[in-house]
**Q** 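The following block contains the structure, expressed as structure tokens.
For clarity, every value in this text was computed on a predicted model and none was experimentally measured. Chain letters run A, B, ... following the sequence lines, proteins first, then strands; residues in each count from 1.
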2 protein chains.
Amino acid sequence: MAIDDVDRALLVRLQNDATQSYAALGQAVGLSAGAAHERVRKLKATGVIRRTTIEVDPAALGSGVLAYVLLDSDAWMGDEPTLDALQAIPTVEEAHIIAGPASVLVKVRTGSTEALQATLRSLHLVDGVTSTQTIVVLESFFERAPAVV
Amino acid sequence: MAIDDVDRALLVRLQNDATQSYAALGQAVGLSAGAAHERVRKLKATGVIRRTTIEVDPAALGSGVLAYVLLDSDAWMGDEPTLDALQAIPTVEEAHIIAGPASVLVKVRTGSTEALQATLRSLHLVDGVTSTQTIVVLESFFERAPAVV
DNA sequence: AGTGAAAACCATGCAAT
DNA sequence: ATTGCATGGTTTTCACT
């Protein structure tokens, strides 16, 4: 799909506030409400907009501990069993196959260091994992949505 | 604020789809539309729900390269000038002060390895940064929203 | 692709409990 | 804190451009 500057402007505005009306949205980018609606419909249909969602404050829900964990392995971990095992751990927010010393990088968010420890235990139990290296976040400067280039 | 199971159920449903009506939302958790609306209003007022937003597919917008970069420094980087400098680089999606060998961990998303290189150059120009260590993501298993515990 | 308007639907406020 | 209802606004569709 071809995405032009108007689409990008719509995406930026919806990223900031997805509750605004199509009338407001259209006015901001110089379009009628109907036209704005049609563009957003297409962006959703083609998958550029994955979904409309809420951004939750993890700290308000009691998840104040953030860490990144590097997983070393004795086998190739790029297959579905690994994905399933990692996805089954609710405190694992991201999982990536990486180039470099380790095999997999996961982002973990928990409510306490004890819960982090429990997650590390779960990670050690994933097939192929031989060791982990944990990077504990002391303070987050920011976590923001992907830039709309 | 006290968050109960009904609130959590509402949060999970809104994370999946923030476009549904309060009638549907209320029915799903055993509440009237008005009551569901009132609960969501409070969750927004107290900051548990930060905002309603769209989730964009970075790949569809031409950002297919993901990397994590560790920054070493010769000074304390936990202050505002560092935050501002990192925030000013649009390809930097997250920045965290970390415990361990390096000082700062940043998440970078670009459209090409050339653009990644340009971001690394920008990171080297940030005050205090002495060296960087880049972890390139080969494949993302998943990136999902924080779990509502 | 965009416009303008019509119809169905929903958010929002309020009185009552 | 929840309900049911009224109303003003919004989404959604459609004929026309």
**Q** Considering only residues two or more places apart or on different chains, which pairs with a residue in residues 10-26 of chain A satisfy side-chain hydrogen bond (donor to acceptor under 3.5 Å, both in side chains)?
**A** A/Asp17-A/Thr19
**Q** With sequence neighbours excluded, tell me which residues meet side-chain contact (heavy atoms from CB on, under 4.5 Å) with B/Ala147.
**A** none
**Q** Test of understanding: with ring-ring contact (aromatic ring centres under 6.0 Å, His included), list the residues that count as partners of B/Tyr68, not counting sequence neighbours.
**A** A/Tyr68, A/His96
**Q** Out of the candidates A/Thr52, A/Thr53, A/Leu14, only one should pair with B/Thr53 under the side chain to side chain contact (heavy atoms under 4.5 Å, CB included) rule; please name it.
**A** A/Thr53
**Q** Can you give me every donor-acceptor pair (side chain of residues 24-38 of chain B, partner residue at least two apart or in another chain, under 3.5 Å) with its distance?
**A**
residue: B/Ser32; atom: OG; partner: B/Ala35; partner atom: N; Å: 3.2
residue: B/Glu38; atom: OE1; partner: B/Arg41; partner atom: NE; Å: 3.1
residue: B/Glu38; atom: OE2; partner: B/Arg41; partner atom: NH2; Å: 3.0

**Q** Does anything in residues 21-32 of chain B reach DNA chain C, meaning a heavy atom under 4.0 Å, and if so which residues?
**A** B/Ser21, B/Tyr22
**Q** Between protein and nucleic acid, restricted to nucleotides 14-17 of chain D and to nitrogen or oxygen atoms under 3.5 Å apart, what atom pairs and distances do you find?
**A**
none

**Q** Restricting to side-chain contact (heavy atoms from CB on, under 4.5 Å), what partner residues turn up for B/Ala60, sequence neighbours left out?
**A** A/Val48, B/Asp57
**Q** Once side-chain hydrogen bond (donor to acceptor under 3.5 Å, both in side chains) is applied, what residue pairs with a partner in residues 81-91 of chain A remain, sequence neighbours excluded?
**A** A/Thr91-A/Thr119
**Q** First contact, last contact: which nucleotides of DNA chain C are these for chain A, 5' to 3', heavy-atom distance under 4.0 Å?
**A** C/dA1 to C/dT3
**Q** Is there any salt bridge (charged side-chain N to carboxylate O under 4.0 Å, His left out) pair reaching into residues 128-137 of chain B, and which pairs are they, with sequence neighbours excluded?
**A** none
**Q** Tell me who clusters with A/Val149, hydrophobic residues only, linked when side chains sit under 4.5 Å apart either directly or through other members.
**A** none
**Q** Are the side chains of A/Arg39 and A/Asp4 in touch, meaning some heavy atoms are under 4.5 Å apart?
**A** yes
**Q** Please give me the minimum heavy-atom distance between B/Val104 and B/Met77, naming the atom from each residue.
**A** CG2-CB, 4.0 Å
**Q** At a heavy-atom distance below 4.0 Å, what parts of residues 36-57 of chain A sit against DNA chain D?
**A** A/His37
**Q** Could you go through the side-chain hydrogen bond (donor to acceptor under 3.5 Å, both in side chains) check for B/Thr130 and B/Asp72 one step at a time?
**A** CA-CA 6 Å; B/Thr130 52; B/Asp72 288 298; 5.6 Å; no
